[in-house]
2 protein chains.
Amino acid sequence: MQHSSKMNTSDQLMLTAIDLMSEKGYNGVSTKEIAEKAGFSEKTLFRHFGNKRNILATAFNRFHYGPEMDSIFFDQIKWNLKADLQLISATYQGNMDRNRKLIKISQKMETDEHNELKKLTHDYPRQLKKYLTQYFSEMIRQKKVIQTDPEIQARMFLVMNYGAFMHGLETSLPEKDFISESVQLFTRGLSP
Amino acid sequence: MQHSSKMNTSDQLMLTAIDLMSEKGYNGVSTKEIAEKAGFSEKTLFRHFGNKRNILATAFNRFHYGPEMDSIFFDQIKWNLKADLQLISATYQGNMDRNRKLIKISQKMETDEHNELKKLTHDYPRQLKKYLTQYFSEMIRQKKVIQTDPEIQARMFLVMNYGAFMHGLETSLPEKDFISESVQLFTRGLSP
DNA sequence: AATGATAGTCAGTACTTACTGTCATAATGA
DNA sequence: TCATTATGACAGTAAGTACTGACTATCATT
């Protein structure tokens with residue numbers, strides 16, 4: 001028995017499942033492998049979770065990080081393009097990084113799979129896009145940004161951040177200077 | 001027997017495998033399912049390919065589209081930032097779109113999996129980045145682009161195009177106006 | 001000591017999967 | 001017509017997988 005005294009059985013099983021599934025996908029990992037790697041018997045795994053599916057669902061609910069954009073758009077925006085985009089980008093990347101393993105699992109799932117993991121790659125970004133569109137709209141009104149379609153700019157900003165994150169995920173290399181340089185580009189490209 | 005008279009057995013099997021694997025991942029599709037969906041017996045599938053792995057390897061060799069960037073960077077560049085970026089972006093997106101199913105399969109594979117599919121997501125982009133870095137370097141020399149790190153700008157351009165492609169892949173929605181708008185942004189952001 | 005909670009071992013069930021061998025049939029081309 | 005090629009059906013092998021039941025052992029608490 002090699003159990004850590006700081007973490008309970010369920011957590012250990014779930015974290016191990018997340019690790020393994022993010023590498024091999026849901027179908028590529030057996031309940032036996034999860035249990036062994038976590039240091040428990042397969043029987044114990046089933047006692048705690050009932051079935052394989054429930055390991056992932058419970059792990060998601062337990063360990064994912066929700067979006068942190070509400071407080072930003074309501075409390076921290078300074079209406080300075082550069083500073084704001086810096087903050088938004090840093091927050092987005094930080095949040096995505098914290099969820100990176102769950103995102104990887106989601107990616108490797110069946111395309112038509114309907115599960116909560118999709119929140120990370122669909123619902124949250126959609127919400128962020130809405131906020132960002134409103135932000136650009138107001139910046140245009142204040143004439144701090146050139147006259148342009150706010151929704152398109154929001155999409156561009158998100159797509160660039162998303163691409164940087166995904167690229168980093170696949171190469172396991174951090175995107176050095178990405179945030180400051182991308183914000184520079186957007187600031188130069190959008191300032192009147 | 002419902003065989004199309006225009007396509008041979010191997011091709012039908014391989015294209016079916018690509019379709020199914022791009023939806024469900026390699027591990028999520030059985031040889032039985034591939035054969036049935038293609039309208040052949042499982043026995044026939046094994047006659048043609050020997051084992052499951054070889055279906056995918058052969059399909060990749062048969063159906064993937066290689067990078068088309070050589071001719072662009074050697075023959076079609078006009079040394080006009082907007083026109084060039086438009087061409088590069090359109091070519092990149094077109095190429096990625098043609099490979100979209102194989103890219104999806106690659107994504108769903110084990111992270112440490114070493115296979116030819118990685119060419120699409122690693123080797124080709126790396127090559128493109130090299131060309132693009134050289135392009136920006138020369139544009140800087142000609143003073144058609146502001147003084148900046150050419151490699152970083154190349155990375156940014158790629159990351160944005162990559163993000164747009166991946167986002168379109170996941171949402172099954174084309175990124176409307178992406179190319180023209182992103183090229184606008186880069187042109188405004190990089191022009192002296 | 002008795003009890004409850006938790007975990008492990010073992011054997012098993014039912015099903016799935018990749019793959020194989022054998023035989024029969026149909027289609028095609030010379 | 002005949003030989004060759006390609007395919008299907010069927011039965012099977014060996015291994016893997018998710019999951020279950022029964023039983024045992026250990027530890028903490030009362």
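First the proteins, then the strands, lettered A, B, ... as listed; each starts at 1. Heavy-atom basis, side chains included; hydrogens, waters and symmetry copies ignored.
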Heavy-atom nearest pair, Lys143(B) first then Pro192(B), reads O-CG, 3.5 Å
Leu45(A) CG to dT17(D) C1', in whole Å, measures 13 Å
Axis-to-axis angle across the helix from dA1(C)-dT30(D) to dA30(C)-dT1(D), five pairs each end, nearest 10 degrees, ~ 10°
message: Taking 4.0 Å as the cut-off, does a side-chain nitrogen or oxygen of Thr9(B) come that near to OP1 or OP2 on dA6(D)?
response: no
Reckon Thr44(A) has a side-chain N or O less than 4.0 Å from the OP1 or OP2 of dA7(C)? no
Hits for side-chain contact (heavy atoms from CB on, under 4.5 Å) against Gln93(B), two or more places apart or cross-chain, chain-then-number order -> Ser89(B), Asn161(B), Ala164(B), Phe165(B), Phe178(B), Ile179(B)
Is it true that the side chains of Glu138(B) and Gln134(B) contain a donor and an acceptor less than 3.5 Å apart? no
In this structure, CG of Leu102(B) is separated from CG of Leu56(B) (nearest 0.5 Å) by 7.5 Å
Practice problem: Over 60° means perpendicular and under 30° means parallel, so classify the ring planes of His167(B) and Tyr162(A), tilted if in between. | Solution: perpendicular
Please lay out, stage by stage, how Asp11(A) and Arg62(A) fare under the test salt bridge (charged side-chain N to carboxylate O under 4.0 Å, His left out). CA-CA 9 Å; Asp11(A) 282 358; Arg62(A) 175 82 173 71; 2.8 Å; yes
Only distances under 3.5 Å count here; give the side-chain donor-acceptor pairs of residues 64-78 of chain B to other protein atoms, sequence neighbours excluded, each with its distance to 0.1 Å.
from	atom 1	to	atom 2	distance (Å)
His64(B)	ND1	Phe60(B)	O	2.9
His64(B)	NE2	Tyr124(B)	OH	3.1
Glu68(B)	OE2	Asn95(B)	ND2	3.2
Glu68(B)	OE2	Arg98(B)	NH1	2.5
Asp70(B)	OD1	Gln127(B)	NE2	3.3
Asp70(B)	OD1	Tyr131(B)	OH	3.3

Next on the checklist: Less than 4.0 angstrom between a side-chain N/O of His48(B) and OP1 or OP2 of dT7(D), yes or no?
Outcome noted: yes
Residues passing the salt bridge (charged side-chain N to carboxylate O under 4.0 Å, His left out) test with Glu110(B), sequence neighbours excluded, are none
Phe40(B) CZ to dA6(D) C1', in whole Å, measures 10 Å
**Asked** Distance only, no hydrogens: is a donor on one side chain within 3.5 Å (strictly under) of an acceptor on the other, for Thr31(A) and Glu42(A)?
**Response** yes
Rounded to whole Å, the CZ-P distance (Phe49(B) to dT17(C)) equals 20 Å
Problem - Ring-face cation of Arg47(A) near Phe40(A) (centre distance under 6.0 Å, axis angle within 45°) - result: no
Expected string for nucleotides 18-25 of chain C under the B/S/- scheme (protein heavy atoms, under 4.0 Å, primed atoms plus P, OP1, OP2 as sugar-phosphate) is SBBBB---
Sorted by number, residues from residues 14-24 of chain A placing a heavy atom under 4.0 Å from DNA chain C are none
- Item | Side-chain donor-acceptor contact under 3.5 Å, Thr148(B) with Gln153(B) | yes
